[in-house]
Amino acid sequence: RNCRGNPNCLVGIGEHVWLGEIDENSFHNIDDPNYERRKKNAFVGLTNLGATCYVNTFLQMWFLNLELRQALYLCPSTCSEYVAGEGIPKDKDYEPQTICEHLQYLFALLQNSKRRYIDPSGFVKALGLDTGQQQDAQEFSKLFMSLLEDTLSKQKNPDVRNIVQKQFCGEYAYVTVCNQCGRESKLVSKFYELELNIQGHKQLTDCITEFLKEEKLEGDNRYFCETCQSKQNATRKIRLLSLPCTLNLQLMRFVFDRQTGHKKKLNTYIGFSELLDMEPFMEQKNGVYVYELSAVLIHRGVSAYSGHYIAHVKDPQTGEWYKFNDEDIDKMEGKKLQLGIEEDLAEPSKSQTRKPKCGKGTHCSRNAYMLVYRLQTREKSLTIEVPAFLQELVERDNCKFEEWCNEMAEMRKQSVARGKIKHEEVKELYKRLPAEAPYDFISLEWLQKWLDESTPPKPIDNTACLCSHGKLHPDKISIMKRISEYVADFFYRRYGGGPRLNVKALCKDCVVERCRILRLKNQLNEDYKTVTNLLKITVKGNDGFWVGKASLRSWRQLALEQLNEQDEDTEHSNGKMNGNAQNKDESNEEKREEEEELNFNEDIVCPHGDLCISENERRVVSKEAWEKLKQYFPKAPEFPNNKECCSQCKILEREGEENEALHKMMASEQKTSLQNLFHDKCRPCLGSWPQETDELYIVSQFFVEEWRKFVRRPTRCSPVSSVGNSALLCPHGGLMFTYASMTKEDSKLIALIWPSEWERIQKLFVVDHVIKITRTQAAGADPESTLYTSEPQLCPECREGLLCQQQRDLREYTQATIYIHKVVDNKKVMKDAAPELNVSSSEAEEEREENKPEGEQDPDFNQTNGGAKRQKVSHQSFITYQKQGIRRSTRHRKVRGEKALLVSANQTLKELKIQIMHAFSVAPFDQNLSIDGKILSDDTATLGSLGVIPESVILLKADEPLADYAAMDDVMQVCMPEEGFKGTGLLGH
């Protein structure tokens, strides 16, 4: 271990790595490229691109189907250069155009590549699969076979065109027999795999028997007989007519659980034999129906939505079994299938059923989801040659691989050579590292980097260790090491940097200052007692000094902080070593913050730099006490007790008192003159037009609120001098509101004024625009025929633009709050809190308004005594005013049973249901959501399109409560992967 406080200790700084013999492999971190090389007589693996193990297992199984591989090789290439006989250009990468070409190229690489594993990303990308999402392997197999059959059906060569049917297609018939007349109805259908139910079964043959079991059609399920011309009891069963060369048996391990509403995996053992005689199950008994096991596809994992897929496949040419696990391929011993290890890895719990004993030639598995049997034949296996153009592509890839191997080997060689040179350098220099006069100081951090084999050292940087005088700071000795001048010369010559710190680099000035600070620290406690006693003495005459009371209360703490700051001054100015210096902007900001804090006795300095006028904040201390304090605060402002207060502050104080009195008088006069404006209940309402007048005037509600604040608190709020009606008008000078909207949704933006009150407003305030509503009603006419006109008139264009903007704002929100209210027993709980919109003004609102930062006043109101200028207001600025100008809370108040969620307009209802699931523990399929009586059912629709706006309340009714959702992440997975292969190339046909 290194002694960090001792500059002479050079032990434990990383030298142990270099002393003694070193393995060459430690000089580099490059793996042996030959590890990536394919071994002799081994198969080639496939890279897992994230969650594509299910694809890899099928690719390996199809590759080892020699008839399928040979047929694919016979497909003609669409590569224009090859078709023209020109060969494939070397400077051009081969890009397969069809799914057959992708599969051709992939199979050619699997057959003749020199790589240990290859990348199937081209094939996966061509299918449009999501590499990060695991899909249903059985569904993938069905869809891909269907796509391949459709693609090959366009080929002219019958051996190619019919390969999928020859290899995988069989026939069965649905046979229905009428119990009354014995009429037999037969529906023949093709199959590519048999889907076998495994629930309640232990053996594969039992599953096949159940698949072919007779079914009775009785009661409501009776069969309509064409002969009897009526519904009759009948029996129905499946008869196997013909079987393919390759028999795919899908074991239905993944089933839908009605209790939980999602899929689950059946982890039950199923026994199966290596030889399967299908003759007992066939309608015609005169054929050859003995099959031998050729592949077992395994799903390792307990859940249907996670886990890992591997394949055990038999090599048809040698009869040996191999385990294909993405990049890794293992050969089974003794040409035997071994599933024991795979079963152990998937053990979900100790209470799991024990594995049954299996006889010779039989196997048991609780993870096998597909069994592949090949028709037993005595024919010799095929010998398949890769077509010339594919072999050319494979050789080109092999050349790239060899180049990469050579490049990696050369890099390893160079790293080893550099490491050996460094090894000799360290062994030689470390012996001469201990200091003998003359010597140099160098940072421990740099020395450690020099000895670190993983990072080459940068130039030496000693600036972080310098004091303000440009020499070695005494406090930095603990992170420095003293080395010999010989080694220092080598370091600076080899790596550069500086400045060099030799024997003369120690700073005497810093040592002296450190001693002074230490003395003051030791003396501080004694001086504190002395000053405390001196403050008890009453000062007589003009022999004292003014000191701030706050400064006196905290002078000892201020003195200690000041001494510590002086002690650590160089740390703030120099930062860290080797280029990690503190950011200049950050340090400047810290300095500014420190400068803003008041120093000793600055609490009684006025803004003009003189003695403040408030005597409550200061007191007189004796000359002796002041001299003691000056030792610690030599730069503190000094005010003898005969010093006069600041004359400018006295004038401003008098002016402020006069202004307060003036504001109080102004507020009292305005409140008396505008009583109706001050009280909401005295103001007219458009919804019930007063009979005593046919004219009403309009001002903005914001003007009313600002004026009320001033009237209530004239000393704390500025007077309002301008009405500011321009905010209610469009850029063309037209009114932005209709009469109908002013009685409803826009009523919160305007205030109605009596004609008599309007005359007084015109005398008291600057009126930029007069807005008037006039009622016209013929004598004896129907009240519904009453006309209401405004001056200025409505601007239809800008009104429509405003409405569009409002709707867009409601549909394009991000991170807005909505509320989910859970309905219990079909009883909707009424909201017990109304929006604050109907409240004219409240103390809380005034407090919020008073806390508003300076500079945020509305531009249309001049709050000073000067004249008011009309500002040009654009349509957009009006909208901004409408959003921000009205200081009234419209927030929904949560009630019991509600929860707030943050949502965006572009997220789908499905994503909202997942949020609700986490908040209420109600699965998405149990959620019934509604808003304003409208049912929300389209999971793919966005919240904006469904009319969900900020502050909306959505009602949630659960079909049935869930007792426990401990594994909530699993439930989320239930919702997310059900898209299946939607949007991929597998459904393109």
Side-chain angles (χ1 to χ4, degrees), residues 259-262 744-748 806-839 842 844-845 848 883 886-976 978:
Q259 290 184 344
T260 60
H262 56 90
K744 296 177 183 176
E745 67 269 14
D746 292 328
S747 60
K748 59 184 178 292
Q806 288 174 337
Q807 291 300 316
R808 195 157 44 245
D809 290 343
L810 290 176
R811 298 289 184 266
E812 297 180 358
Y813 53 87
T814 56
Q815 293 298 296
T817 301
I818 65 169
Y819 300 90
I820 309 300
H821 186 97
K822 189 173 182 182
V823 179
V824 182
D825 296 332
N826 291 324
K827 295 179 181 178
K828 179 181 177 182
V829 182
M830 300 302 292
K831 290 182 286 184
D832 60 0
E836 297 176 15
L837 188 60
N838 297 327
V839 184
S842 66
E845 287 169 1
R848 285 196 295 272
K883 291 179 185 174
I886 304 302
R887 299 330 199 253
R888 286 181 173 179
S889 174
T890 58
R891 292 188 61 190
H892 170 82
R893 290 180 177 176
K894 273 202 306 181
V895 297
R896 183 171 297 177
E898 280 184 3
K899 292 188 179 181
L901 298 179
L902 283 178
V903 298
S904 301
N906 60 353
Q907 80 179 64
T908 62
L909 181 64
K910 184 177 183 179
E911 292 167 336
L912 173 64
K913 285 184 175 181
I914 292 171
Q915 287 182 266
I916 294 173
M917 176 185 68
H918 286 288
F920 288 93
S921 295
V922 177
F925 38 79
D926 286 331
Q927 296 174 20
N928 295 304
L929 305 179
S930 63
I931 180 170
D932 298 330
K934 184 178 73 173
I935 302 297
L936 305 179
S937 57
D938 187 356
D939 285 350
T940 61
T942 62
L943 298 187
S945 66
L946 293 172
V948 179
I949 62 176
E951 303 294 320
S952 292
V953 179
I954 294 179
L955 297 182
L956 162 66
K957 183 179 181 302
D959 281 344
E960 55 184 41
L962 296 179
D964 182 24
Y965 258 118
M968 198 58 68
D969 289 336
D970 290 340
V971 180
M972 184 188 297
Q973 287 182 333
V974 171
C975 309
M976 300 307 289
E978 294 307 317

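Each residue takes its place number in the sequence, starting with 1. All heavy atoms count here, side chains included; hydrogens, waters and symmetry mates do not.
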Apply side-chain contact (heavy atoms from CB on, under 4.5 Å) to [X] and list each qualifying residue two or more places apart in sequence or on a separate chain.
X      : result
Ala905 : Tyr813
Ser904 : Thr814, Gln815, Asn906, Gln907
Ile916 : Ile820, Leu901, Leu912, Phe920, Gln927, Leu929, Leu956

Looking at Val903, is its backbone amide N or carbonyl O close enough to the side chain of Glu911 to form a donor-acceptor pair, meaning the two atoms are under 3.5 Å apart?
no
Kindly give the heavy-atom pair with the smallest separation between [X] and [Y], and that separation in Å.
X      : Y      : answer
Ser930 : Ile935 : CB-CD1, 4.1 Å
Lys934 : Leu946 : NZ-O, 2.9 Å
Ile931 : Gly947 : CD1-O, 4.0 Å
Val922 : Ala958 : CG1-CB, 3.8 Å

To the closest 0.5 Å, what do you measure between [atom1] ([X]) and [atom2] ([Y])?
X      : Y      : atom1 : atom2 : answer
Lys822 : Glu898 : NZ    : CD    : 13.5 Å
Ile818 : Lys899 : CD1   : NZ    : 14.0 Å
Thr908 : Lys913 : OG1   : NZ    : 10.0 Å

What pairs with Asp938 under salt bridge (charged side-chain N to carboxylate O under 4.0 Å, His left out), at least two apart in sequence or on another chain?
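Asp938 satisfies salt bridge (charged side-chain N to carboxylate O under 4.0 Å, His left out) with no residue once adjacent residues are dropped.
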Those residues that, when tested against Ser945, pass side chain to side chain donor-acceptor pair (under 3.5 Å) (two or more places apart):
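Ser945 satisfies side chain to side chain donor-acceptor pair (under 3.5 Å) with Thr942 once adjacent residues are dropped.
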